[in-house]
There are 2 protein chains.
Amino acid sequence: MTAGQIAKRGALTADDWTARALELLMDEGVSAVKISRLCGDLGVTKGSFYWRFEDLASLKESIAAKWCGDSTQMLAGLAELTTLEPWDRLRTMTVALVDERAWSVQRALREWARTDERVAATIAEGDVLAFDLIRRAIEELGVSARRARLRAGLLVYAGIGFVHGPSALFRPAIGDLDDLMDFLAGDAPTHAGVDQPPAT
Amino acid sequence: MTAGQIAKRGALTADDWTARALELLMDEGVSAVKISRLCGDLGVTKGSFYWRFEDLASLKESIAAKWCGDSTQMLAGLAELTTLEPWDRLRTMTVALVDERAWSVQRALREWARTDERVAATIAEGDVLAFDLIRRAIEELGVSARRARLRAGLLVYAGIGFVHGPSALFRPAIGDLDDLMDFLAGDAPTHAGVDQPPAT
DNA sequence: ACCTGAACACCGTTCAAGT
DNA sequence: ACCTGAACACCGTTCAAGT
């Protein structure tokens with residue numbers, strides 16, 4: 001989507017702006033998403049932007065909607081794959097988390113969400129979907145509903161944290177992923193022992 | 001630390017700037033940390049700021065150092081409490097995570113860390129310390145070293161994620177915290193069964 | 001040594017004027 | 001309807017000049 005292609009077509013649509021902004025966000029990070037930069041790339045002046053959008057926040061909302069729409073579709077597609085064992089579904093999701101290209105987008109969206117309710121709502125929708133997929137997969141592994149809920153929450157939050165931490169902490173290896181899955185699938189007795197029916 | 005108090009003392013120190021900036025970050029969030037705002041609060045002009053600091057990034061680094069110094073001290077203090085059972089140490093740490101006042105600081109620092117290596121190093125130091133404390137506490141609960149490492153990592157990342165997610169997901173209740181601790185302390189058999197010596 | 005005051009660059013926002 | 005062009009506000013940064 002170059003300036004030349006747009007020029008031939010005539011007027012810029014809101015989606016032209018959003019698409020280019022998302023490209024910039026993925027390729028050069030959040031600091032590249034500026035109105036002046038977009039205008040330069042698209043070959044117009046700032047007034048053109050303000051014809052389509054009320055302000056910068058409005059563009060960010062649009063970016064969030066586009067991004068979440070795409071990734072929701074991906075997650076939904078994964079959920080359809082009932083041919084896959086729950087084990088493999090879980091694994092596919094945890095591996096998807098390693099795609100670094102998506103990280104800067106996620107970080108920016110969560111930051112924007114803090115000052116924009118509509119972005120927050122869009123993001124939350126995706127989070128809940130992921131949580132539910134993971135929760136159900138863990139349940140199918142034979143873990144009780146109550147425990148599956150806790151573990152899914154832990155995993156989702158860990159995923160978010162993993163994306164946000166530059167953390168020279170430890171970058172999990174493939175082997176660690178398997179250990180993680182074992183841990184999530186485990187059915188250890190509770191400390192207080194209240195969660196299991198007596199073995200009569 | 002009001003403008004009046006400073007004025008009586010004469011010259012502003014670098015720590016005066018850093019302290020006020022940290023206050024602003026905690027009280028009003030990252031958007032309040034601006035040079036012009038600081039100058040207004042401290043009753044001087046911008047030139048005064050640039051006498052003490054090279055640029056804004058330099059101030060951010062200073063804020064990070066101050067904050068991490070404080071919290072490292074807190075963590076170290078907690079580590080000294082060998083009187084506490086590992087169980088209670090873990091609990092104290094997870095509960096400390098619920099102090100919302102610290103969240104905006106953490107989020108800002110991690111964001112700054114992405115474009116400033118020195119901030120990143122300071123943050124990473126604190127992360128590693130927390131990881132180690134948690135890892136050891138879990139080990140003391142009778143979990144193997146290898147497993148403790150994985151679980152500590154999971155918990156640290158979940159903590160970071162918890163702070164970053166506006167996530168209408170689920171805000172864990174007190175009961176969930178206990179369940180979480182049970183889970184971390186559990187010693188479930190591995191899926192492949194390679195981590196345990198045969199029971200001969 | 002420490003700060004003022006004025007300038008400049010950059011970016012978001014507005015708006016009258018063009019086609 | 002869609003965009004230009006010029007203006008303005010705000011903030012980071014610089015620097016000569018003051019004390």
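Values below: every heavy atom of this structure, side chains too, minus hydrogens, waters and symmetry copies. To find a chain, count down the sequence lines: A is the first, B the second, and so on, and within it residues start at 1.
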Colleague: Could you please name the partner base of dT13(C), counting Watson-Crick and G-U wobble pairs only when both distances are under 3.5 Å?
Modeller: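 Pairing partner: dA7(D).
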Colleague: Between S36(A) and dG12(C), is there a contact of a side-chain N or O with OP1 or OP2 at under 4.0 Å?
Modeller: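 Yes, within the criterion.
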Colleague: Tell me, yes or no, whether the heavy-atom count around E28(A) atom CD, taken from other residues, nucleotides or ligands under 6.0 Å, exceeds 12.
Modeller: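 More than 12 heavy atoms, drawn from other residues, nucleotides or ligands, come within 6.0 Å of this atom.
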Colleague: Regarding R147(B) and D182(A), does a basic nitrogen lie under 4.0 Å from an acidic carboxylate oxygen?
Modeller: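 Between D182(A) and R147(B) there is no salt bridge, as every charged N stays at least 4.0 Å from the carboxylate O atoms.
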Colleague: Do any of residues 44-58 of chain B sit with a heavy atom less than 4.0 Å from DNA chain C, and if so which?
Modeller: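 Per residue number, the list reads V44(B), T45(B), G47(B), S48(B), W51(B), R52(B).
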Colleague: Tell me: CH2 of W17(B) to C1' of dC3(C), nearest whole Å?
Modeller: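 After rounding, the reported distance stands at 10 Å.
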Colleague: Rounded to the nearest angstrom, tell me the gap between atom CD1 in I35(A) and atom P in dC8(D).
Modeller: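 In whole Å, dC8(D) P lies 20 Å from I35(A) CD1.
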Colleague: Once you round it to whole Å, what is the distance between P of dA1(C) and CG of L12(B)?
Modeller: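 It is 17 Å, rounded to the nearest whole Å.
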Colleague: How many whole angstroms separate atom CG of L59(B) from atom C1' of dC11(D)?
Modeller: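 These atoms are roughly 14 Å apart.
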Colleague: Applying a 3.5 Å limit to both distances, which nucleotide forms a Watson-Crick or G-U wobble pair with dC2(D)?
Modeller: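 dC2(D) is paired with dG18(C).
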Colleague: Quick check on E125(B): does its CD atom have over 12 non-hydrogen neighbours (other residues, nucleotides or ligands) under 6.0 Å away?
Modeller: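 At most 12 heavy atoms, drawn from other residues, nucleotides or ligands, come within 6.0 Å of this atom.
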Colleague: Is it true that D55(A) and S58(A) share a donor-acceptor pair across their side chains at a distance under 3.5 Å?
Modeller: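 Checked: S58(A)/D55(A) side chains show no N/O donor-acceptor pair below 3.5 Å.
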Colleague: CG of L42(A) versus P of dC3(D): gap in Å, rounded?
Modeller: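 So the CG-P distance, L42(A) to dC3(D), works out to 10 Å.
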Colleague: Between atom CG in L38(A) and atom P in dC11(C), what is the gap in whole Å?
Modeller: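 Rounding to the nearest Å, CG of L38(A) and P of dC11(C) are 12 Å apart.
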Colleague: Any ion pair linking E139(B) and R135(B) (charged N to carboxylate O, less than 4.0 Å)?
Modeller: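 A salt bridge links R135(B) with E139(B).
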Colleague: Taking CD in E85(A) as the centre, count heavy atoms belonging to other residues, nucleotides or ligands within less than 6.0 Å. Is the count above 12?
Modeller: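 Open.
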